[in-house]
Protein chains: 2
Amino acid sequence: MRLRYIELFHAVMTTNSLTGAANLLNISQPAASKALQQAEHQLGFTLFHRVRGRLHPTEQALLLRPRVEKIIRDLHDLQRLTANFARPESEPLRVTCTPTLAQSLVPDATTLLRKAWPAATAELSTRHSAEMCESLTLRETDIGLTLQDASHPELRQEPLCQGRVMVIAPPGRWSPAELAQPLPVTALAGEPMIGIAVQDALGSLLQSHLMHVDPPPQISVWVQTYQLACALVAQGAGLALVDPFTASQGDGDVVQTRPLALELDVVLYAVYRLDSQLNPLQEHFIELVRQLARQTLAPG
Amino acid sequence: MRLRYIELFHAVMTTNSLTGAANLLNISQPAASKALQQAEHQLGFTLFHRVRGRLHPTEQALLLRPRVEKIIRDLHDLQRLTANFARPESEPLRVTCTPTLAQSLVPDATTLLRKAWPAATAELSTRHSAEMCESLTLRETDIGLTLQDASHPELRQEPLCQGRVMVIAPPGRWSPAELAQPLPVTALAGEPMIGIAVQDALGSLLQSHLMHVDPPPQISVWVQTYQLACALVAQGAGLALVDPFTASQGDGDVVQTRPLALELDVVLYAVYRLDSQLNPLQEHFIELVRQLARQTLAPG
DNA sequence: ACCTGGCATAACCGAAAGTTGTAGATGCCC
DNA sequence: GGGCATCTACAACTTTCGGTTATGCCAGGT
């Protein structure tokens with residue numbers, strides 16, 4: 001089975017047409033036609049029924065599809081990886097972080113870094129944690145920053161600092177005196193709240209805590225990112241639990257922020273490949289992130 | 001990345017030499033040399049250091065290796081699968097079973113089947129359960145027979161019959177009167193026994209039961225197949241717990257067989273692809289296996 | 001010093017994969 | 001139903017790629 005045939009099969013399956021497949025592969029339609037016939041001849045069975053001038057996958061083709069697509073994906077990953085080996089040695093600082101941290105922490109740290117290292121170049125991106133691990137192992141990026149536990153056999157995660165889970169509420173909810181002291185979890189009983197759709201360990205832990213409150217909070221809207229929660233809270237949709245970085249951005253006029261009384265800490269991690277020796281630029285960047293994060297989370 | 005390069009890389013990595021790789025791929029050494037250079041040129045980094053006329057993988061090559069090997073494996077699986085699509089329609093009965101069942105159950109059933117369908121052809125093989133699932137999904141075989149739970153998203157397992165776990169012992173261990181009635185688990189306390197190395201659910205369940213007996217049986221020898229256990233017991237190495245099919249073969253002169261008093265049943269499963277419609281020949285075979293198994297397990 | 005084993009280079013060759021051009025079938029729209 | 005757009009299939013030609021044989025070079029072992 002030539003690789004060409006596999007790519008062609010995949011292209012035909014996705015475009016549902018031979019001409020479409022040919023375009024996808026940047027070859028002419030007759031070339032695709034001939035290759036498909038060769039593939040079928042070599043395999044010994046037909047992949048597509050020719051019915052009224054169109055191609056319809058046979059039963060066998062449908063059974064092959066998942067395996068072929070997996071191979072294509074793995075192959076693509078391999079290409080991504082090799083592409084990153086060939087990069088020049090004048091390496092930019094490549095950092096990816098979760099959307100939450102992209103709001104201020106990472107840009108601020110980058111700005112500070114460029115004051116110390118004016119010649120340094122950086123590539124910043126945001127990814128959710130699964131893609132972050134992928135991207136790190138494929139060497140598309142060198143440092144990941146996340147609030148979630150991203151354990152992976154090829155990666156190491158270094159805790160940078162810890163903070164408390166925060167409750168955000170529409171303005172005027174609490175008096176200045178109340179704001180200073182942590183809110184007991186039981187105070188959330190029966191409250192209307194915005195739910196954070198759980199993908200991460202933090203979210204699921206929070207949810208299990210909330211569910212044990214009696215009566216449980218009323219969650220009618222679930223959101224995927226903390227920013228969305230923030231915006232909804234500002235509109236008076238209820239309370240929400242968020243990480244302290246998101247909370248610290250909430251302008252005092254828009255939402256009120258108060259720590260939650262919970263032994264559970266939010267941890268900021270730097271993630272990088274086990275085999276990679278961090279260079280001074282990278283070390284410095286991580287140190288800046290650590291300091292900034294501590295400032296942000298410190299009272300005041 | 002051409003597939004050729006991937007195969008070549010893999011071949012060089014496994015043989016540690018370019019000439020070896022060339023032999024593996026059935027091409028001449030210069031062809032391999034040129035292809036390797038092309039691959040490196042296209043990738044933009046070197047895969048092997050040429051040191052004193054030999055090839056030594058670079059750091060990058062070592063990092064690529066696992067991914068490349070995975071792709072090679074998947075590709076190989078795909079080929080196995082397509083090879084089985086092209087088979088002629090005059091299908092033989094393709095059955096695979098665990099070694100235990102290959103002792104008498106499957107051959108006996110096949111013999112009976114050939115009396116009813118003299119023209120039928122059959123392909124029998126033995127595989128352990130993981131390979132059995134692989135082989136079924138790759139359509140190398142159509143029916144699997146096993147005593148283990150082989151759940152798999154693409155496969156269906158049909159229980160054919162149930163039997164009791166049996167204890168086998170060297171001859172003369174029990175009186176004919178004792179033999180008839182089940183042995184309580186507690187009677188195994190402190191006994192020298194042959195352990196069945198657990199890969200299957202049955203084995204691990206048995207082990208956990210045994211470990212709860214006080215004092216636990218002394219297991220000094222672990223074996224992987226029931227036949228081995230049988231042979232060791234015959235030599236007086238201790239008792240062993242085996243499935244009823246293995247037990248029923250033990251010649252009375254060699255080992256004594258006695259049921260174990262346990263609510264746990266051994267189940268014989270037929271496994272086949274969810275999407276496959278069994279033909280009459282296959283149905284008949286399964287029915288024969290069911291009947292034979294019931295006879296074997298019935299008292300007497 | 002000599003042979004052996006292993007990689008690289010050169011010149012050459014054939015088959016595979018791509019191109020353009022064209023033909024036939026189907027479906028759509030007026 | 002005529003005409004048009006679309007899609008697949010076939011033919012002839014060209015180029016590129018993967019392969020061969022022959023040969024040279026270098027390092028190690030005897």
Side-chain angles (χ1 to χ4, degrees), chain A residues 1-62 64-65 68 71-72 75 79 82, chain B residues 1-62 64-65 68 71-72 75 79 82:
Chain A
M1 180 82 130
R2 304 257 184 289
L3 178 59
R4 208 73 255 245
Y5 298 162
I6 293 182
E7 291 175 323
L8 177 60
F9 173 78
H10 176 243
V12 174
M13 284 302 263
T14 55
T15 62
N16 283 318
S17 116
L18 220 170
T19 12
N23 290 331
L24 209 62
L25 300 178
N26 283 314
I27 60 176
S28 65
Q29 173 269 321
S33 177
K34 196 163 57 169
L36 182 57
Q37 289 169 61
Q38 285 170 345
E40 289 181 323
H41 179 257
Q42 181 176 327
L43 288 174
F45 58 93
T46 122
L47 288 167
F48 297 92
H49 292 129
R50 276 68 167 178
V51 45
R52 286 193 292 278
R54 299 298 166 95
L55 299 186
H56 289 284
T58 62
E59 191 187 343
Q60 288 92 332
L62 294 173
L64 291 181
R65 183 171 196 174
V68 166
I71 291 176
I72 299 265
L75 221 40
Q79 313 233 28
T82 57
Chain B
M1 180 82 128
R2 302 261 183 285
L3 178 59
R4 210 71 258 246
Y5 299 162
I6 294 182
E7 292 175 323
L8 177 60
F9 173 79
H10 175 243
V12 174
M13 285 302 263
T14 55
T15 63
N16 282 318
S17 119
L18 219 167
T19 24
N23 290 333
L24 209 61
L25 300 178
N26 283 315
I27 60 176
S28 66
Q29 173 268 319
S33 177
K34 194 163 61 168
L36 182 58
Q37 289 170 61
Q38 285 172 343
E40 289 181 323
H41 179 256
Q42 181 177 326
L43 288 174
F45 59 93
T46 117
L47 287 166
F48 297 91
H49 292 128
R50 277 68 167 178
V51 45
R52 284 193 297 277
R54 300 297 165 97
L55 298 187
H56 289 285
T58 63
E59 191 186 344
Q60 288 91 333
L62 294 173
L64 290 181
R65 182 171 196 174
V68 166
I71 291 176
I72 299 262
L75 222 39
Q79 313 233 26
T82 56

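Letters A, B, ... mirror the listed sequences (proteins, then strands); counts begin at 1. Computed from a predicted model, the values in this text were never measured in an experiment.
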Applying a 4.0 Å non-hydrogen cut-off, can you work out what Ser28(B) is touching in the nucleic acid: base, sugar-phosphate, or nothing?
base
Closest non-hydrogen atoms of Thr58(A) and Thr46(A), given as atom of the first, atom of the second and distance, are OG1-O, 3.1 Å
Atom CD1 of Ile6(B) and atom P of dG18(D) are separated, to the nearest Å, by 13 Å
Whole-Å distance, Leu36(B) CG to dC7(C) C1', equals 10 Å
Nearest heavy-atom contact between Glu40(A) and Phe48(A) is OE2-N, 3.0 Å
In short, Ala32(B) meets Ile27(B) closest at the heavy-atom pair N-CD1, 3.9 Å
Between CZ of Arg4(B) and C1' of dA17(C) the distance, given in whole Å, is 16 Å
**Request:** Check whether any side-chain N or O of Gln37(B) sits under 4.0 Å from OP1 or OP2 of dC7(C), and answer yes or no.
**Result:** no
With a 4.0 Å cut-off on heavy atoms, is Gln29(A) in touch with a base, just the backbone sugar-phosphate, or nothing at all?
base
In whole angstroms, the gap separating P of dG6(C) from NE2 of His56(B) amounts to 13 Å
From the candidates dC7(C), dA22(D), dT8(D), the one with an atom nearest any side-chain atom of Pro30(B) is dA22(D)
From the candidates dC7(D), dT19(C), dA17(C), the one with an atom nearest any side-chain atom of Thr19(A) is dC7(D)
In whole angstroms, the gap separating P of dG5(C) from CG of Asn23(B) amounts to 13 Å
Here the distance between atom P of dT8(D) and atom CG of Leu55(A), to the nearest Å, is 5 Å
Atom CD of Gln38(A) and atom C1' of dA9(D) are separated, to the nearest Å, by 14 Å
Taken to the nearest whole Å, CG/Leu3(A) to C1'/dA17(C) is 14 Å
Checking dA11(C), dG21(C), dT8(D) against the side chain of Lys34(B) (C-beta onward), the nearest is dA11(C)
Here the pair of heavy atoms bringing Leu8(B) nearest to Ala21(B) is CD1-CB, 4.2 Å
Note: for Arg54(A) and Asn26(A) on DNA chain C, the residue whose nearest nucleotide lies more 5' is Asn26(A)
**Request:** Please answer whether the main-chain N or O of Thr82(B) pairs with a side-chain N or O of Gln60(A) as donor and acceptor at a distance below 3.5 Å.
**Result:** no
So, is Ser33(A) close to the dA9(D) phosphate, meaning a side-chain N or O under 4.0 Å from OP1 or OP2? yes
Testing dT19(C), dA9(D), dT20(D) for proximity to the side chain of Ala31(A), the answer is dT19(C)
